[in-house]
Amino acid sequence: MASSQRTRTRRPHARRDREPRYVAPVLDPTWVNPYAPTTAERHRHAAVMRAYALRRRLVATIAAGAAVVALAVLAIALWPWLWLAAVLVAALYVIDLRRVVAGYATRAHGAAEALLAHFASDEDPIVRERLATLVDRLSATFGVEGVRAEVVRDGGYNAALVPGPGGYVMVATSALVQDFELIEIEGVVAHCLARERIGVLERECVAALDLTGEPARVLAAPGETFRADEVAAATIRYPLGIANALRRCRTQSVPAGSFLSDGAFVDWRWVFFNPWSDRRETVPSDLDDPEVRARALEEW
C-alpha cells in the first residue's frame, strides 16, 4: 500500500517535467515584407534614370573632357595660367550636367498633358464621380498625394497614372469605368498607384516621351507591371479584383477608333495597366502579359 501511494504521488511530478517549456515569441528585426514597396527599388529606378540622362549627354561629355585635357596639356607645355581655364571649363560643364540630369528627373511631368491630348474628356458626372471616389480613397491608402481623376471617351479597357504639374492624373477610359465591377476598378486604380510607390512611373513616362521600340521597352522596366500587381494586391487584399480586370482587358476585342488600336498607343503602351491591348496571343515568358499576370494573381 505504501509503495502504491508513493507511485501515485510521483506521477504528477513526472508529467510536469515532461511538459514542453514555454518559449516567448521573438520578432525577427531583419524581416522585410516582400510585397511592400522598398526604398531600395525606388533608388534603383532613380539610378536608371540618371544613367539614361548621362548617356544622352555622352557626346557633350566627351567633348568637354577633351577640351579640359587639351587646356591642361597647354598649361603644362606653354602657359601655366591655362590651368585656371581648364578648371573653369570642367566646373561649368559639371554644373550644366547636373542641371540636365535634374531636368530629366522632371521630364515625366509633361506626360499627363501629352497623353490627354490623344483623347476627348468624358463629361458624364456619374462616371467621373465613380472613378474619383475610388481614386480619393485609394490614393490615401497608398500614400500618393495630388491625384486627379480623368475619364476619357474610349471604347477600349485601360487606365494609366501619369505625372502632371503639381501631382498625378489617373486616366481611365469611359468603357472601363462603365463596364467594370467596382472591385475591378479598385484593382486597376490600386495597380496604377502601386507603380508610383515602387518608383517606376518616371521611367515609363520618359520612355513614352523620348524613345521608341526596344530602347523604350528597356527604359520602361519590363516586368515591373508584375511587381506592381503584387504591391497592389497586398495593399487592397483582394488579388482577384486585379485578376478579373486583367481578364476583361485580355478578352476584349478593342473597337475600331480606340486609341488602344492606334499607332500612337505603341509609344505609350508602357504607362498603361494593360500594355498589350493590341496583342491577342499570350506570351508566357512576358511578365507584362495580362494572361500571365492574371494567372499569378489567381494562384495567390
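For the numbers below, each heavy atom of this structure counts, side chains included, while hydrogens, waters and symmetry mates do not.
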side-chain contact (heavy atoms from CB on, under 4.5 Å) with F142: of T235, V189, V147, only one passes, and it is T235
Determine whether R130 and L134 make a side-chain contact, defined as any pair of heavy atoms from C-beta on separated by less than 4.5 Å. no
So the ring-ring contact (aromatic ring centres under 6.0 Å, His included) pairs with at least one residue in residues 147-171 (sequence neighbours excluded) are Y157-F180
Applying salt bridge (Lys or Arg N to Asp or Glu O under 4.0 Å) to E113 and not counting sequence neighbours gives none
Taking every heavy atom of D122 against every heavy atom of S174, the minimum-distance pair comes out as OD2-CB, 3.2 Å
- Message: For a 4.5 angstrom cut-off between non-hydrogen side-chain atoms, does L161 reach V169?
- Response: no
Contacts of E145 meeting salt bridge (Lys or Arg N to Asp or Glu O under 4.0 Å) (sequence neighbours excluded), chain-then-number -> none
Distance col, row N274:CG vs E291:CD, nearest 0.5 angstrom, shows 11.0 Å
| message | Contact between R247 and E298 at the side-chain level, heavy atoms closer than 4.5 Å - yes or no? | response | yes
Applying side-chain hydrogen bond (donor to acceptor under 3.5 Å, both in side chains) to R217 and not counting sequence neighbours gives E214
- Do V206 and V162 belong to the same hydrophobic cluster, where Ile, Leu, Val, Met, Phe, Trp and Tyr are linked whenever their side-chain heavy atoms lie under 4.5 Å apart, directly or via other members? no
In terms of heavy-atom contacts, G164 and A112 come closest through CA-CB, 3.9 Å
Residues passing the side-chain contact (heavy atoms from CB on, under 4.5 Å) test with A228, sequence neighbours excluded, are H191, A194, R195, I198
Test R295 against E299 for salt bridge (Lys or Arg N to Asp or Glu O under 4.0 Å), laying out the working first.
CA-CA 6 Å; R295 289 176 182 175; E299 291 174 1; over 6 Å; no
Path from V87 to L92 over hydrophobic side-chain contacts below 4.5 Å = no
Looking at T38, is its backbone amide N or carbonyl O close enough to the side chain of E41 to form a donor-acceptor pair, meaning the two atoms are under 3.5 Å apart?
yes
Are I236 and L297 joined in one hydrophobic group, where the rule is that I, L, V, M, F, W and Y side chains link up if heavy atoms are under 4.5 Å apart? yes
Applying side-chain hydrogen bond (donor to acceptor under 3.5 Å, both in side chains) to S261 and not counting sequence neighbours gives none
Report yes if the side chains of F272 and L115 come closer than 4.5 Å at any heavy-atom pair, otherwise no.
yes
In short, salt bridge (Lys or Arg N to Asp or Glu O under 4.0 Å) pairs touching residues 262-271 with sequence neighbours left out are R269-D278
Next on the checklist: Between H45 and E224, is there a side-chain heavy-atom distance shorter than 4.5 Å?
Outcome noted: yes
Between I126 and D124, the two heavy atoms sitting closest are N-OD1, 3.0 Å
L193 and S139 have their tightest heavy-atom pair at CD1-N, 3.7 Å
Residue set satisfying salt bridge (Lys or Arg N to Asp or Glu O under 4.0 Å) with D286, at least two apart, ordered chain then number -> R279
Quick one: does W276's side chain get under 4.5 Å of T225's, heavy atoms only?
no
**Prompt:** Are there more than 12 heavy atoms of other residues, nucleotides or ligands under 6.0 Å from atom CZ of R237?
**Reply:** no
Applied to residues 232-261, the ring-ring contact (aromatic ring centres under 6.0 Å, His included) test, sequence neighbours excluded, yields H118-F259, F119-F259
Point to revise | Any D288 side-chain heavy atom under 4.5 Å of V283 side chain | key: no
task: For the pair E150 and R148, evaluate salt bridge (Lys or Arg N to Asp or Glu O under 4.0 Å) and give the outcome as yes or no after the intermediate values.
output: CA-CA 7 Å; E150 187 71 37; R148 173 170 60 93; 2.8 Å; yes
On a heavy-atom basis, the closest approach of L131 and A172 is CD2-CB, 3.8 Å
Quick one: does R153's side chain have a donor or acceptor within less than 3.5 Å of a partner on S121's backbone? yes
side-chain hydrogen bond (donor to acceptor under 3.5 Å, both in side chains) filter on Q178, not counting sequence neighbours, yields none
Value for CG (N244) from SG (C249), rounded to nearest 0.5 Å, stands at 11.0 Å
For R250, the side-chain hydrogen bond (donor to acceptor under 3.5 Å, both in side chains) test, sequence neighbours excluded, returns T282
Quick one: does I242's side chain get under 4.5 Å of F273's, heavy atoms only? yes
Next on the checklist: Looking at R227 and E230, is there a salt bridge between them, counting it only when a charged N and a carboxylate O are closer than 4.0 Å?
Outcome noted: yes
When you check the gap from the basic side-chain N to the acidic O, do E202 and R42 get nearer than 4.0 Å?
no
By salt bridge (Lys or Arg N to Asp or Glu O under 4.0 Å), R137 pairs with (sequence neighbours left out) E186
Nearest heavy-atom contact between W268 and A111 is CH2-O, 3.6 Å
Answer yes if the side chains of N158 and T173 hold a donor-acceptor pair under 3.5 Å, and no otherwise. no
